[in-house]
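Below you'll find the structure, written out as structure tokens, and then a few comments.
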Amino acid sequence: MTRRVLITLLVVLSCQESNAPSGPPPDVSGAWAFGQRLTAAGGLSCANRGTVTITQTASSFTATYAQTGQCTGPGGASDNSSSGDIADGRLTGPAVRFSIPGCSYSGTVVGDPPDGASGSVTCQISVGGPPVRFSGTWHVSHGAAAVSLTPSSAFLGTDATVPFTATAYDAAGNVLANRAIVWRSPNPTIATATNGDVHAIAPGFATITATSVPLLPLEDSVSGVAGVQVMTRAVSVAGGYLHTCAVLASATSVCWGAGFDGRLGNGTTDHPVETPRVVSGTFAQVSGGFQHSCGTTSTGSASCWGKELSGELGDGVSSATRLAPVPVSGSLSFASVSAGNSFSCGVTTTGAGYCWGTGMNGRLGNGGLADDSTPVPVNGGLTFATISTSRDAELQPVSDGFACGLTTTGTAYCWGRDGEGELGDNGSLDQRAPVPVAGGHTFATLSVGARHACAVTANGAAFCWGKGTSGQLGNGAAAGSNVPVPVSAGGGGGGLVFSAIAAGGAHTCGVTTGGDAYCWGGNGLGQLGTGVFAPDFSPPQTTPVAVIGGLKFVALGAGVAHTCGITTVGVIYCWGRGMDGQLGSGGVANKAAPAPVLVP
């Protein structure tokens, strides 16, 4: 046939007790699952599934139905989904008859009490021409009418395994317990499914199918599906001023967001870059600064890229624009680097601290104020585990800046600008060399924001210091402090126990030992991830609030007004300011809830 035929066919059911042709019929009112198949000359066929709900009075019944399916033929496929009513159902002993416009059904009820029915159907249907005769079979049962999967969709990083559950329901929506489920992935090169455990293998999209094995007479196999998007597993994530960078398990580094001045390291100045692009070179660790970024390789080589105003790329040049990574001068072997506002710092594999770029405020920590376009040692002979640098939130890349380092024994030191207590030394004077943070705390991790810093002790207590007018210190007050103050509910005592912390522009986020993310501080752009944007002039959020979505995180990174985290299954989610594409989920909208980053 050359014409496409669209046929809308309806299915109903009926049931009756016993084989005796006489006596009162059983009450078969209720919901049932059904299926039917029809064929016609010229290669036409239809297949439908759905539910039918019966109301019975003596030997008569009425019904309503809803079905999904399609008809196919030489002209292609047509949707055959529909719903409607049955008004003339009749039971005579085990025999059942009913009709709908154009179609007649007959069959037999089985079971005592009834658990199904089946029979034949004939139809005469005109679709813009002579009537077409269809014939086929139909059946109904109390078996599975639907199967749902939890979760219904998922984002997974490569090599992650996540348990899915499947639940079978009858036509009335009741759970069918103890149903055997057969799991299948039609895309096994992307993800496999074994007894409900879905394992991510390679980037791509996979459909996971769970099929309920028929248990009752006349029951169909019914399936449910879930979509799984697999992305390359993320290892680390770092927020810059208006951009974000990450390292993937494939030894690939990616950046996205504001591409001005080459800060994304992909050889272009494209802007905005709304999804991750590969950075030229292979890095084991990356950091995003104000207008530049830096990274280290697995062999200890450090490189930087982007806008160079005062030597912050460390390549021996004071001013330049580098669209791709350039090596940091010298023969030092770095374990990590941190890109700040017009300066950078790093820790060598032996624990020595070095900084380069603008020396204003003493942020290089070498005892002076001069700029330096190559690494200079941080004074004090300290052995560092990490150094974190500031990224100012007020578009002042040169005038303000400080850094803090954590020694291998857990002591925090800071240097540079101290106008708002950023150094945590109980003072307010800029320092050209490291000074110890007050309080005698032993910290396990540390993060520097725009004008505040935070750290977490070995027992999970969080402390912050510096500017606090937006509530970013998390101690319940919208005021700054030049000494560490405890984050409310942080550490022990039934409160929040943190494993990591990330300080942003005017907000802070932390992840607990249980993987839950909490944020506090400014939320005008959704950077707290609570699902709402704070209205203008609303009181600041001065204590931790949970990030919505139920995700479990292992690491966080904060930009000036956005936050990103890596989940336990290796997927990056970001939230907050997105106007420059820094959320990586496609588009430039601000988002108040975590959205997955579209990692290649």
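Below, each value reflects all heavy atoms present in this structure, side chains not excepted, and no hydrogens, waters or symmetry copies. Index from 1, following the sequence.
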Seminar exercise, completed: Note: Pro163 and Pro151 closest approach over all heavy atoms is O-CD, 4.3 Å

For this session: Check the pair Ser60 / Arg90 against side chain to side chain donor-acceptor pair (under 3.5 Å), numbers first and verdict last.
Result: CA-CA 5 Å; Ser60 300; Arg90 187 75 180 177; 3.0 Å; yes

For this session: Examine the side chains of Thr167 and Ser148 and answer whether a donor and an acceptor come within less than 3.5 Å of each other.
Result: no

Problem set entry | From Thr268 atom OG1 to Leu323 atom CG, the distance as rounded to the nearest 0.5 Å | 7.5 Å

For this session: Look at the side chain of Thr269 and the backbone N and O of Asp261, then say whether any donor-acceptor pair between them is shorter than 3.5 Å.
Result: no

Problem set entry | Close side-chain approach of Trp256 and Val597, heavy atoms under 4.5 Å | yes

Exercise. Does a side-chain heavy-atom distance below 4.5 Å link Trp183 with Ile208?
Worked result: yes

Problem set entry | Step-by-step side-chain contact (heavy atoms from CB on, under 4.5 Å) determination, Thr64 to Ile86 | CA-CA 6 Å; Thr64 60; Ile86 306 284; over 6 Å; no

Exercise. Which atoms form the tightest heavy-atom contact between Gly73 and Leu44, and what is the distance?
Worked result: CA-CD2, 3.9 Å

Exercise. Does the ring center of Phe283 lie less than 6.0 Å from the ring center of Trp305?
Worked result: yes

Seminar exercise, completed: Minimal heavy-atom distance between Gly522 and His507, with the atoms involved, is O-CB, 3.7 Å

Exercise. Within a strict 4.5 Å, meaning less than it, do heavy atoms of the Gln67 and Phe34 side chains meet?
Worked result: yes

Seminar exercise, completed: Interatomic distance, NE2@His139 vs OG@Ser118, rounded to 0.5 Å, equals 8.5 Å

Problem set entry | Side-chain (Asn187) to main-chain (Thr207) donor-acceptor, under 3.5 angstrom | yes

Exercise. How long is the span from the CZ atom in Phe134 to the CD atom in Gln36, to the nearest 0.5 Å?
Worked result: 10.5 Å

For this session: Assess the side chains of Ser81 and Asp79: does a donor N or O sit below 3.5 Å from an acceptor N or O?
Result: yes

For this session: With the side chain counted from C-beta on, respond yes when Arg179 and Val147 share a heavy-atom pair under 4.5 Å apart, and no when they do not.
Result: no

Problem set entry | Under the ring-ring contact (aromatic ring centres under 6.0 Å, His included) test, residues paired with Phe553 that sit two or more places apart | Trp575

For this session: Compute the centroid of each ring, for Trp32 and then for His142, and state whether the two points are separated by less than 6.0 Å.
Result: yes

Exercise. Between Asp270 and Arg277, is there a salt bridge with N-O shorter than 4.0 Å?
Worked result: yes

For this session: Evaluate the side-chain contact (heavy atoms from CB on, under 4.5 Å) criterion for residues Ile181 and Val213: first the C-alpha distance (whole Å), next the side-chain angles of each, then the deciding distance (0.1 Å), finally the verdict.
Result: CA-CA 6 Å; Ile181 300 292; Val213 177; over 6 Å; no

Exercise. What distance separates Ile572 CD1 from Ser236 OG, expressed to the nearest 0.5 Å?
Worked result: 8.0 Å

Seminar exercise, completed: Rounded to the nearest 0.5 angstrom, the CG-CE distance for Leu242 and Met579 is 8.5 Å

Problem set entry | Check: Gln527/Thr563 side-chain N/O donor and acceptor closer than 3.5 Å | no

Problem set entry | Min side-chain heavy-atom separation Asn266-Val279 under 4.5 Å | no

For this session: Mark yes or no for whether Gln70, through its side chain, and Thr72, through its backbone, hold a donor-acceptor pair below 3.5 Å.
Result: no

Seminar exercise, completed: Residues passing the side chain to side chain contact (heavy atoms under 4.5 Å, CB included) test with Thr189, sequence neighbours excluded, are none

Exercise. Just by distance, with hydrogens left out, do Thr122 and Arg133 show a side-chain donor and acceptor under 3.5 Å apart?
Worked result: no

Exercise. Taking C-beta and beyond as the side chain, do Tyr573 and Thr567 meet within less than 4.5 Å on heavy atoms?
Worked result: yes

For this session: Output yes when a side-chain donor or acceptor of Asp170 lies under 3.5 Å from a complementary backbone atom of Val175, and no otherwise.
Result: no

For this session: Using modelled atom types only, decide if a donor and an acceptor are shared between the side chain of Ser253 and the backbone of Thr282 within a distance under 3.5 Å.
Result: no

For this session: Check the side chains of Thr296 and Gln285 for a donor-acceptor pair under 3.5 angstrom, ignoring hydrogens and angles.
Result: yes

Problem set entry | Minimum heavy-atom distance Ala33-Ala145, with the two atoms named | CB-CB, 3.8 Å

Exercise. Does the side-chain contact (heavy atoms from CB on, under 4.5 Å) test come out yes or no for His562 and Leu583, once each step is laid out?
Worked result: CA-CA 8 Å; His562 74 287; Leu583 302 187; 3.9 Å; yes

Exercise. Taking it one step at a time, do Arg97 and Asp88 satisfy salt bridge (Lys or Arg N to Asp or Glu O under 4.0 Å)?
Worked result: CA-CA 8 Å; Arg97 292 182 180 274; Asp88 63 347; over 6 Å; no

Problem set entry | Close side-chain approach of Leu149 to Thr165, heavy-atom, < 4.5 Å | no

For this session: Return the minimal non-hydrogen interatomic distance between Val588 and Pro272, and the atom names on each side.
Result: CG1-CG, 3.8 Å

Problem set entry | Residue pair Val110, Leu218: steps toward the side-chain contact (heavy atoms from CB on, under 4.5 Å) verdict | CA-CA 9 Å; Val110 297; Leu218 303 174; 3.8 Å; yes

Problem set entry | With sequence neighbours excluded, residues passing salt bridge (Lys or Arg N to Asp or Glu O under 4.0 Å) with Arg49 | Asp220

Problem set entry | Rounded distance (nearest 0.5 Å) linking atom OG1 of Thr321 with atom CZ of Arg263 | 10.0 Å

Exercise. Between the side chain of Arg233 and the main-chain N/O of Thr158, is any donor-acceptor distance below 3.5 Å?
Worked result: yes

Exercise. Which atom names give the shortest non-hydrogen contact between Tyr65 and Ser82, and what distance separates them?
Worked result: CE1-OG, 4.0 Å

Problem set entry | Residue pair His199 / Thr192, side-chain donor-acceptor N/O under 3.5 Å | no

For this session: Decide yes or no for Pro203 and Met231: does some side-chain heavy atom of the first lie under 4.5 Å from some side-chain heavy atom of the second?
Result: no

